[in-house]
Amino acid sequence: MGKRVALVLAGCGVFDGSEIHEASAALVHLSRGGAEVKIFAPNIEQRDVVNHLKGSPTEEKRNVLVESARLARGNIQDLAELKASEFDAVVFPGGFGVAKNLCSWAVDGKNCTVNEHVKSTLQAFHGAKKPIGLCCISPVLAAKVFPGCEVTVGQDKNVDGRFPDAETASAIVELGCKHICKNVNESHVDKANKIVTTCAFMCKAPLHEIFDGIGTMIQEVLKLA
């Protein structure tokens, strides 16, 4: 019997939603692991809409659930409907949408607030001792909701210019959590909290290395489930 996994999206597109390659990689590895996946997203307005060709914000208004449906091929549910009792694990891909729509990290850093449905989802899986997988910037959700947990966003220094957002590790430590330095093709398992994290696009790396790192995260999540 395959594990039942909920995947939570934050829109569609790296600059204002979920990072498409990360979401796709997670889905491929979950499929390979025999998991039964259902996809969710909060039914809220995006913080902003970015023209991905120009890299600049537009005046458009878009809905996180509607945009996430693009990645889910239409097969998606409102995050408010997610019941942790129906799943063995939950996975959050990254992308700026995590820091803009699922929480306010993009604006407020470590002083951010977390969307109520995102927070309650994390707490429900954690309370049931079910694994939580997070990649790229999404480990900050765990750092904010579970003080004292262990996560990785890659390295805490900009090694060879490959980790331009290394200061995120310092912010995680300031929240009372432990940051574990890992390479892009690795993940970290916080066994006490059943939280599995990998840095993905927090590292400037070839796409296949990011894909492989997400694979290790998914494998560990399924082992814990």
Side-chain angles (χ1 to χ4, degrees), residues 1-12 14 17-41 68 70-73 75-77 79 82-84 86-95 97-98 102 118 121-122 124-126 128-143 145-146 149-155 179-203 205-225:
M1 187 76 177
K3 301 299 182 181
R4 301 163 301 168
V5 180
L7 186 88
V8 180
L9 297 179
C12 181
V14 58
S18 288
E19 210 297 319
I20 293 170
H21 298 293
E22 291 177 6
S24 179
L27 287 166
V28 169
H29 287 295
L30 285 166
S31 176
R32 183 170 287 151
E36 177 189 338
V37 181
K38 290 191 177 179
I39 304 175
F40 298 84
S68 297
R70 294 174 178 270
L71 277 170
R73 297 172 61 86
N75 189 8
I76 194 167
Q77 294 173 260
L79 182 60
L82 195 164
K83 295 180 176 63
E86 297 178 355
F87 295 91
D88 300 303
V90 65
V91 172
F92 288 77
V98 172
L102 303 192
V118 172
T121 295
L122 289 166
F125 277 86
H126 185 261
K129 300 189 183 326
K130 295 179 178 181
I132 300 167
L134 309 121
C135 68
C136 194
I137 191 63
S138 64
V140 302
L141 297 172
V145 177
F146 307 118
C149 71
E150 298 178 356
V151 298
T152 188
V153 289
Q155 300 291 323
H179 180 265
I180 309 298
C181 291
K182 291 285 183 178
N183 292 322
V184 66
N185 58 349
E186 299 176 315
S187 56
H188 176 69
V189 182
D190 177 348
K191 293 181 180 178
N193 290 294
K194 289 195 172 183
I195 296 171
V196 188
T197 50
T198 189
C199 69
F201 278 100
M202 294 293 276
C203 177
L207 182 57
H208 71 277
E209 292 184 10
I210 292 163
F211 183 90
D212 291 346
I214 293 171
T216 68
M217 182 262 285
I218 294 297
Q219 288 169 11
E220 294 296 339
V221 166
L222 294 178
K223 281 182 193 174
L224 290 171

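Atoms considered below: every heavy atom in the structure, side chains included; atoms not considered: hydrogens, waters and symmetry mates.
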- prompt: Is it the case that more than 12 heavy atoms not belonging to R4 sit under 6.0 Å from its CZ atom?
  reply: yes

- request: Step through the shown structure and confirm whether more than 12 heavy atoms of other residues, nucleotides or ligands are within 6.0 Å of CD on E209.
  value: yes

- request: Could you check if a side-chain atom of I137 sits within less than 4.5 angstrom of a side-chain atom of E19, using non-hydrogen atoms only?
  value: no

field: Minimal non-hydrogen separation, C135 against A200, with atom names
entry: CB-CB, 4.2 Å

message: Do L9 and P93 have side chains that approach each other closer than 4.5 Å (heavy atoms only, starting at C-beta)?
response: yes

query: If every non-hydrogen atom of E22 is compared with every non-hydrogen atom of G95, which pair is closest and at what distance?
result: OE1-N, 3.9 Å

query: So do the side chains of F125 and K194 get within less than 4.5 Å of each other, counting heavy atoms only?
result: no

- prompt: Atom CG of L71 and atom CD1 of I39: how far apart are they, to the nearest 0.5 Å?
  reply: 8.0 Å

With sequence neighbours excluded, residues passing side-chain contact (heavy atoms from CB on, under 4.5 Å) with L222: K3, V5, L30, A35, I218

- request: If the plane angle is over 60° it's perpendicular, under 30° parallel, otherwise tilted; pick one for H126 and F146.
  value: parallel

query: Run the side chain to side chain contact (heavy atoms under 4.5 Å, CB included) check on I214 and I210 step by step: do they pass?
result: CA-CA 6 Å; I214 293 171; I210 292 163; 4.1 Å; yes

- prompt: What is the minimum heavy-atom distance between G133 and V221, and which atoms define it?
  reply: CA-CG2, 3.7 Å

query: What's the verdict on side chain to side chain contact (heavy atoms under 4.5 Å, CB included) for M202 and V184, showing C-alpha distance, side-chain angles and the deciding distance?
result: CA-CA 8 Å; M202 294 293 276; V184 66; over 6 Å; no

query: Atom SG in C149, atom CD1 in I195: separation rounded to 0.5 Å?
result: 4.5 Å

- prompt: Between the main-chain N or O of H188 and the side-chain N or O of T152, is there a donor-acceptor pair closer than 3.5 Å?
  reply: no

- prompt: Taking it one step at a time, do L141 and V118 satisfy side chain to side chain contact (heavy atoms under 4.5 Å, CB included)?
  reply: CA-CA 9 Å; L141 297 172; V118 172; 4.2 Å; yes

- request: Measure the spacing between CD of Q77 and CG of L79 and express it to the nearest 0.5 Å.
  value: 10.0 Å

query: Do V98 and C136 come within less than 4.5 Å of each other through their side chains, counting heavy atoms only?
result: no

N/O donor-acceptor pair under 3.5 Å between K130 side chain and F87 backbone: yes

field: Sub-4.5 Å side-chain heavy-atom contact between L207 and F201
entry: yes

Pair T216-N185, side chain to side chain contact (heavy atoms under 4.5 Å, CB included): steps then yes or no: CA-CA 8 Å; T216 68; N185 58 349; over 6 Å; no

- prompt: If every non-hydrogen atom of A10 is compared with every non-hydrogen atom of G97, which pair is closest and at what distance?
  reply: CB-C, 3.5 Å

- prompt: Given side chains that start at C-beta, do those of S31 and V37 come closer than 4.5 Å, heavy atoms only?
  reply: no

statement: Closest heavy-atom pair, S68 versus G11, reported as atoms and distance to 0.1 Å, is OG-N, 2.8 Å

query: What distance do T197 atom OG1 and E186 atom CD have between them, rounded to the nearest 0.5 Å?
result: 11.5 Å

field: Nearest non-hydrogen partners of A124 and A84, listed with the distance
entry: CB-CB, 3.7 Å

- request: Please lay out, stage by stage, how H21 and F211 fare under the test ring pair (Phe, Tyr, Trp, His ring centres under 6.0 Å).
  value: CA-CA 8 Å; H21 298 293; F211 183 90; over 10 Å; no

query: Do V153 and H179 have side-chain heavy atoms sitting under 4.5 Å apart?
result: yes

message: Please check this pair: side chain of E150 against backbone of D190, looking for a donor-acceptor N/O pair closer than 3.5 Å.
response: no

Side-chain touch L134/M217, heavy atoms, less than 4.5 angstrom: no

